[in-house]
Visitor: 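Before I ask anything, let me first share the structure, which is written out below as structure tokens.
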There are 2 protein chains.
Amino acid sequence: MNSKIPAPVAKRLALYHRCVITLLESGKELVSSNELGERLSLKSSQIRKDLSYFGGFGKRGSGYNLNYLKESLENILGINRPWNVGIVGAGNIGMALANYEGLLRDNYRVIALFDRNLSKWGTSVGSRRIPIIPIKEMCSKIEELSIEIGVIAVPAEYAQSIANRLMECKKIKGIINFAPVKIYVKNVDLEDVDISISFKALTFKIWSESLGKE
Amino acid sequence: MNSKIPAPVAKRLALYHRCVITLLESGKELVSSNELGERLSLKSSQIRKDLSYFGGFGKRGSGYNLNYLKESLENILGINRPWNVGIVGAGNIGMALANYEGLLRDNYRVIALFDRNLSKWGTSVGSRRIPIIPIKEMCSKIEELSIEIGVIAVPAEYAQSIANRLMECKKIKGIINFAPVKIYVKNVDLEDVDISISFKALTFKIWSESLGKE
DNA sequence: TAGATTGTTAATCGATTAACAATC
DNA sequence: TAGATTGTTAATCGATTAACAATC
């Protein structure tokens, strides 16, 4: 059933969710696939098709009820309930994520930072006072705090070994990898957030266009 | 000529570049498309095809010379010369990026942060003492410092207006958007780095698998 | 030369889009 | 009812993969 869903659909669903929230905040109650498509630079038929994988959320003649669509998308994306998140690496990126309110808004609760640097142990971060915990205690804390998502925010050379240790924690169901390196996982889901690749993809575009003009 | 290159190729080229550097550091001199494919979980034919868009970098019978491949990829990706980068928004994400050494390693030099908060003006960030400058002076500073890449690291509601102002700066060739919102640009290239969407895509995967098991 | 691996073509696969009947 | 918009099928498009001749 789920095996037939094209890979790019999940990210577009998240895009729809974001847009639906904006539309709701502006006081709207209905949206057509056409308007959604214009706002997101997507074809309306693609939006209807994406949504139809999960059932019919719309009403012929009028469009999609925004409240119902929002709730449906949250069910599909799994954010109708909170997820406990642990960040490994209390460096620049780890700290920025811990303080990032957008996550909490989407029901992702960062409740622990793990670091190997003993000078950071025992301190806490941000207004929510997220504790920094020694990496040695990572697995037991993940168990104790029911952390299901691990975020890798350590330098590239440590990323795989951290991933291995996260996979040993039975509670961990998914990993988000910010380290600029490919990591290999088993029995957990993985998403990469690739900052350096985005920069390179950008200069590739700039560069190839400037060559075309010559 | 460049119009025939599939969209996903650019990101894979950046992936190859990262892997080639790792291989070089390990002391290797040659790599086959097969080995590269295994390391990146890609088919060898895809790697050969991707590279062949830009010319023949390999040698039949032996594979690709790593040094030559690295240089070729850097030429293609446009990182054979430095790019000056300005970050708009000196919040958590902007600061983390300013301190992120990975960028400098790839020839991206963050040389200015722009913020509207006057209490931050005049201060500087990190070991490279990157100055924080009022947003009002953004356009003139971009001109003065020859900044070609603008990074949007402000809250979603300000992202589009910052993008508009960046587009008014003649020097700006590309924008990297970290704000969780779709922005519209004209005459500049755009890449999105989407943290919240990655989290949602991850829980979508976790969630849909757990439903499948029921 | 024999073995290995590229570069490239052609076949396959999968995702996007157009079109339209269903229906609000 | 007439107009609008969905849900879905079929057609199109584009990217990936397999296969193999070229060649180091």
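By convention in this document, chain letters (A, B, ...) are assigned in the order of the sequence lines, proteins followed by strands, and residues within each chain are numbered from 1. Atoms considered below: every heavy atom in the structure, side chains included; atoms not considered: hydrogens, waters and symmetry mates.
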Visitor: Please give, in whole Å, the distance from D:dA4 P to A:Y64 OH?
Guide: 18 Å
Visitor: Looking at B:K141 and B:E144, is any side-chain nitrogen of the basic one under 4.0 Å from a carboxylate oxygen of the acidic one?
Guide: yes
Visitor: Please give, in whole Å, the distance from D:dT6 C1' to A:E35 CD?
Guide: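 Distance, rounded to whole Å: 16 Å.
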Visitor: Counting primed atoms plus P, OP1 and OP2 as sugar-phosphate and everything else as base, spell out the protein contacts along nucleotides 17-24 of chain C at 4.0 Å heavy-atom distance: B, S or - for each nucleotide, 5' to 3'.
Guide: BBB-BBBB
Visitor: Please report, rounded to the nearest Å, how far the C1' atom of D:dT6 is from the OH atom of A:Y53.
Guide: 16 Å
Visitor: In this structure, how many angstroms lie between the C1' atom of C:dT6 and the CG atom of B:L30, rounded?
Guide: 13 Å
Visitor: Backbone N or O of A:L190 within a donor-acceptor pair of the B:K205 side chain at under 3.5 Å?
Guide: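 Indeed, once roles are kept as given, a pair shorter than 3.5 Å links the two residues.
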Visitor: With side-chain hydrogen bond (donor to acceptor under 3.5 Å, both in side chains) as the rule and sequence neighbours excluded, what pairs involving residues 77-91 of chain A come up?
Guide: A:N75-A:N80, A:R81-A:E148, A:N84-A:R109
Visitor: Rounded to whole angstrom units, what separation is found between the CG atom of B:L69 and the P atom of C:dT5?
Guide: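 Result: 16 Å.
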Visitor: Through what angle, rounded to 10 degrees, does the axis of the helix from C:dG3-D:dC24 to C:dC24-D:dG3 turn between its ends, using five pairs per end?
Guide: 20°
Visitor: Nearest whole angstrom, please: distance from the P of D:dT6 to the CG of A:N65.
Guide: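 In whole Å, D:dT6 P lies 13 Å from A:N65 CG.
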Visitor: Does B:K11 pair with B:E191 as a salt bridge, N-O distance under 4.0 Å?
Guide: yes
Visitor: Can we say B:K173 and B:D189 salt-bridge, meaning some charged N sits less than 4.0 Å from an Asp/Glu carboxylate O?
Guide: no
Visitor: For the side chain of B:S32, counting heavy atoms from C-beta on, which of C:dT6, D:dA15, D:dT6 is nearest?
Guide: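 Of the options given, the side chain of B:S32 lies nearest C:dT6.
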Visitor: B:S33 near the nucleic acid: base, sugar-phosphate alone, or nothing, with a heavy-atom cut-off under 4.0 Å?
Guide: sugar-phosphate
Visitor: Do any N or O atoms from the side chain of B:R18 and from the backbone of A:P180 form a donor-acceptor pair under 3.5 angstrom?
Guide: yes
Visitor: Using whole Å, report how far CD of A:E38 lies from P of D:dT5.
Guide: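 Rounded to the whole Å, the gap is 11 Å.
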Visitor: Determine yes or no for a side-chain-to-main-chain donor-acceptor pair under 3.5 angstrom, with B:T203 supplying the side chain and A:L77 the backbone.
Guide: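 Present.
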Visitor: Quick check: does any side chain N or O of A:R12 sit under 3.5 Å from a backbone N or O of A:I47, one acting as donor and the other as acceptor?
Guide: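 No, the answer is negative, given that no donor and acceptor are paired below the 3.5 Å cut-off.
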Visitor: In whole Å, what is the span from the CG atom of A:L51 to the P atom of D:dG7?
Guide: 8 Å
Visitor: Go nucleotide by nucleotide along DNA chain C from the 5' end; which of B:F57 and A:V9 gets its closest nucleotide reached first?
Guide: B:F57
Visitor: Under a 3.5 Å distance rule, please check whether A:K28 uses its side chain to pair with a backbone N or O of A:L23 as donor and acceptor.
Guide: no
